[in-house]
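This structure is a prediction, so every number in the text was calculated from the model and none was measured. Values below: all heavy atoms of this structure, side chains included; hydrogens, waters and symmetry mates excluded.
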Amino acid sequence: MGILNTFLFLSLSNCLASFLNILTDCDEVYNYWEPMHYLINGFGMQTWEYSPSYGLRSYAYVLLYGLPGFVLKKYVTSKATQFFILRSIYGLVSAICETFLIRSLGKRFSKSVTTLATVFFATSTGMLISTPSFLPSTFSMLCVCVYIGGWLIHSDFIVVLSIAASTFIGWPFAVAISIPYLIDFLVRAGLIKFFFKMLAYGILGVVLFLLPMVFVDYYYYGTLVIAPLNIVKYNVFGSNTSSELYGVEDWYFYLLNLFLNFNFLLFAFALSPIILAIKKQTKFIKYLMPAFLWIIFMSIQPHKEERFMYVIYPIIVIASAISVIAILGFPLTNQENETTTASQKSKNENTNEKEKNQKNGKRNGKQKGKGKGKGKGKGKQKPDRKNQKKNSINKKQKPTIKKKENNVQEKKISKLKIFASILLIIFLIVTVGLSISRTAGLHEAYGSPIIVWRTLYEQELSQLQLKENEKINICVGKSWSDFPSSFFLPNENFVFSYVESNFTGLLPKLYEKGENATRIIPSDMNNMNRQEFSRYIKPSQCNYLIDRDFFDQSEEHFVEDTEHWKIIIEVPFLNKKKTPMLIRSFFAWLPHESDRYVALKRKEN
């Protein structure tokens, strides 16, 4: 598969994912889509991280992703369509980075490895979820594609700049995955050269990435903010603050999650260092070590989220491709491939040469026999006809026997290749099938929020003719985390609001109005995830209400209040408690128990 074909294949896959995939993390919406929507359209939700008091997030990152949005606003009228186009653009950028990694992989590994890696990139649920994402962990994932790609082609410049971009622009904690490379560089370059080169690259990284970020954030915050430093201080060095405020998980959380997103590729990935050692290709193990280091590092942290693993997804893909190809006995590296081809050619050439020599020998023998028969004396001894016949028979038999042995050996090899190919096909059917099944299931079972919001936007809200200052309250309760962003609200006359539910954490609030609103310290914000009751309005103040109705919920069943509400949109949403684990994990497109995801409209009195 050529580079262009690889890019087109990955682009198609990523663009499909951008239109069909669900938003898996509310942090993506409230911390990235909402600030971007505010910068483009002048209204949106603000989290405490964007308060000038804390400054944990960078507006430079939001602007970087939002640049196409300013252009789309001029040419695409539907904001919901803008949202999906933006996601597809992010998917295309991901395809470029993935293609670079595959191209670099092809410099060191066989075509079998790169082809299989391309298939895994295009079909793995983990990749399809992460590639169109707006999260910093996805940005760091793309930097990892460039980082590993640069390392494979021995370009220290590309590697160090990609690490710097990941650290400053993306996610500062992802710098941990650079440790194996830094050790490798130190061993190769020596201490003095290592120090001065890292110093030079570090200064370049600060100039290219950190300084522009600081200038942009100074403009928006109105004060000096170094977002990467602030997020590290909050999560690591804060005396009263910690990521544990947002939940803790068991140590095996990531292993389960990785299996869901990569199924049996996870086992191939886990075996990759052992397989490379058996194949005497230990020089390649270093390229896979960042992933193992990252899993260990993140597993010992109490607070865990699926998106934290995005960073190493590309390494899991290439490691699993290497493992599968090596286990099945296909050529692993380009050298191995060339050696196999060369040995096959030399065998064929040797066989052909022997056959030619034997034919020439026979001709020469006949010519000599004819020459000796002319003009010879009677006293000469007659040739032994019986011995000549025996020798000629033996000469004929030897190449025939060798030929047969070669044919037998070639047949065995071809049978093994056929068997290995069959095993590969079976493995692909299982792994790719499970990945596609899970991806389709996520859309079928959990895609209702974005379907309801898009339908509400296109068929209801955008059709309303409002007076200049008329406000319409669009409310959510326990389904606040499903909000796909203000791109699904026509304009600022439609106010996103909350009604009380069992959630007891801190909810985002609307940005202040007026110029330089990003510089204003918002009221009722805290960094302790403490609930602020000023966020809520009464259900009677809501014009529309989007709700996920569970059969056993303790909150009010708004769908049953037919006196005040009417259902205008209803889509099923998978019920976790009533659906078997295997179905909801990999086959959620099969029939299952569902709750009701509804858009309700308040009845006029």
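For Asn263 and Ser435, the side-chain atoms include at least one donor-acceptor pair closer than 3.5 Å. Side-chain atoms of Ser140 and Ser166 include a donor-acceptor pair closer than 3.5 Å.
A donor-acceptor pair under 3.5 Å is formed between the side chain of Lys304 and the backbone N or O of Glu249. Using a distance-only test at 3.5 Å, with no hydrogens or angles considered, no donor-acceptor pair links the side chain of Thr579 to the main chain of Lys576. The backbone N or O of Tyr252 sits nowhere less than 3.5 Å from a side-chain atom of Asp250 that would complete a donor-acceptor pair. At least one donor-acceptor pair under 3.5 Å links the side chain of Asn235 to the backbone N or O of Ile231. At least one donor-acceptor pair closer than 3.5 Å links the side chain of Arg438 to the backbone N or O of Ser585. Proximity of a side-chain donor or acceptor of Glu28 to a complementary backbone N or O of Ser133 within less than 3.5 Å is not detected. His303 places no side-chain N or O within donor-acceptor distance of the main-chain N or O of Gln301, the cut-off being under 3.5 Å. At least one donor-acceptor pair closer than 3.5 Å links the side chain of Ser448 to the backbone N or O of Pro572. Side-chain N or O atoms of Ser137 include one that pairs as donor or acceptor with a backbone N or O of Arg307 at under 3.5 Å. Within the 3.5 Å criterion, the main-chain N or O of Ala227 finds no donor-acceptor partner in the side chain of Ser58.
Environment of CZ in Phe19: crowded, with over 12 heavy atoms of neighbouring residues, nucleotides or ligands closer than 6.0 Å. Residue-environment remark: CD1 (Ile300) exceeds the threshold of 12 foreign heavy atoms within 6.0 Å. For CZ of Phe419, the number of neighbouring non-hydrogen atoms (other residues, nucleotides, ligands) closer than 6.0 Å is 12 at most.
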Asp156/Tyr201 under side-chain hydrogen bond (donor to acceptor under 3.5 Å, both in side chains): CA gap, chis, key distance, verdict: CA-CA 9 Å; Asp156 295 321; Tyr201 287 144; 5.5 Å; no
Could you go step by step and tell me if Arg584 and Tyr446 meet the side-chain contact (heavy atoms from CB on, under 4.5 Å) rule? CA-CA 10 Å; Arg584 68 173 186 262; Tyr446 302 106; 4.2 Å; yes
Working note: Phe269 + Ile295, criterion side-chain contact (heavy atoms from CB on, under 4.5 Å); need CA distance, chi angles, decisive distance, verdict. CA-CA 12 Å; Phe269 157 72; Ile295 291 170; 3.8 Å; yes
Take Phe84 and Arg454 through the side-chain contact (heavy atoms from CB on, under 4.5 Å) test and state the conclusion after the steps. CA-CA 11 Å; Phe84 289 107; Arg454 186 173 189 177; 3.3 Å; yes
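Residues Ile426 and Ile422 have side chains in contact (heavy-atom distance under 4.5 Å, counting atoms from C-beta outward). Two residues are said to be in side-chain contact when any heavy atoms from C-beta on lie closer than 4.5 Å; Asp25 and Tyr30 fail this criterion. Thr131 is not listed as a side-chain neighbour of Tyr90, based on a closest heavy-atom distance of 4.5 Å or more. When side chains are defined from C-beta on, Cys26 does not count as touching Phe483, because their heavy atoms never get closer than 4.5 Å. Contact annotation: the side chain of Phe427 never approaches that of Ile327 to less than 4.5 Å [non-hydrogen atoms, C-beta and beyond]. Considering only heavy atoms from C-beta on, Ile102 comes within 4.5 Å of Leu10 through its side chain. Using a 4.5 Å heavy-atom cutoff, the side chains of Ile316 and Met309 are not in contact.
Phe264 and Phe267 have tilted rings, their planes meeting at an angle from 30° to 60° on a 0 to 90° scale. The aromatic rings of Phe308 and Tyr254 sit tilted relative to each other, their planes meeting at an angle between 30° and 60°.
Between Ile22 and Gly447, the shortest heavy-atom contact is CG2-CA, 3.6 Å. Ala588 and Leu574 get closest at one heavy-atom pair: CB-CD1, 4.0 Å. Taking each heavy atom of Leu135 and Tyr310 in turn, the nearest pair found is CD1-CE2, 3.9 Å. Nearest heavy-atom pair across Leu266 and Leu255 is CD2-O, 3.7 Å. Closest approach of Ala95 to Asn14, counting heavy atoms only: N-ND2, 3.5 Å. Pairing each heavy atom of Ala268 with each of Ser323, the nearest pair is O-OG, 2.6 Å.
The residue from Tyr32, Trp33, Phe134 that alone fulfils the ring pair (Phe, Tyr, Trp, His ring centres under 6.0 Å) condition with Tyr65 is Phe134. The only option from Val144, Ile163, Ile148, Ile315 that meets the side-chain contact (heavy atoms from CB on, under 4.5 Å) definition with Ile177 turns out to be Val144.
Remark: Lys286 engages Asp184 in a salt bridge (Lys or Arg N to Asp or Glu O under 4.0 Å) (not counting sequence neighbours).
Ring-centre distance between Phe262 and Tyr313: below the 6.0 Å cut-off.
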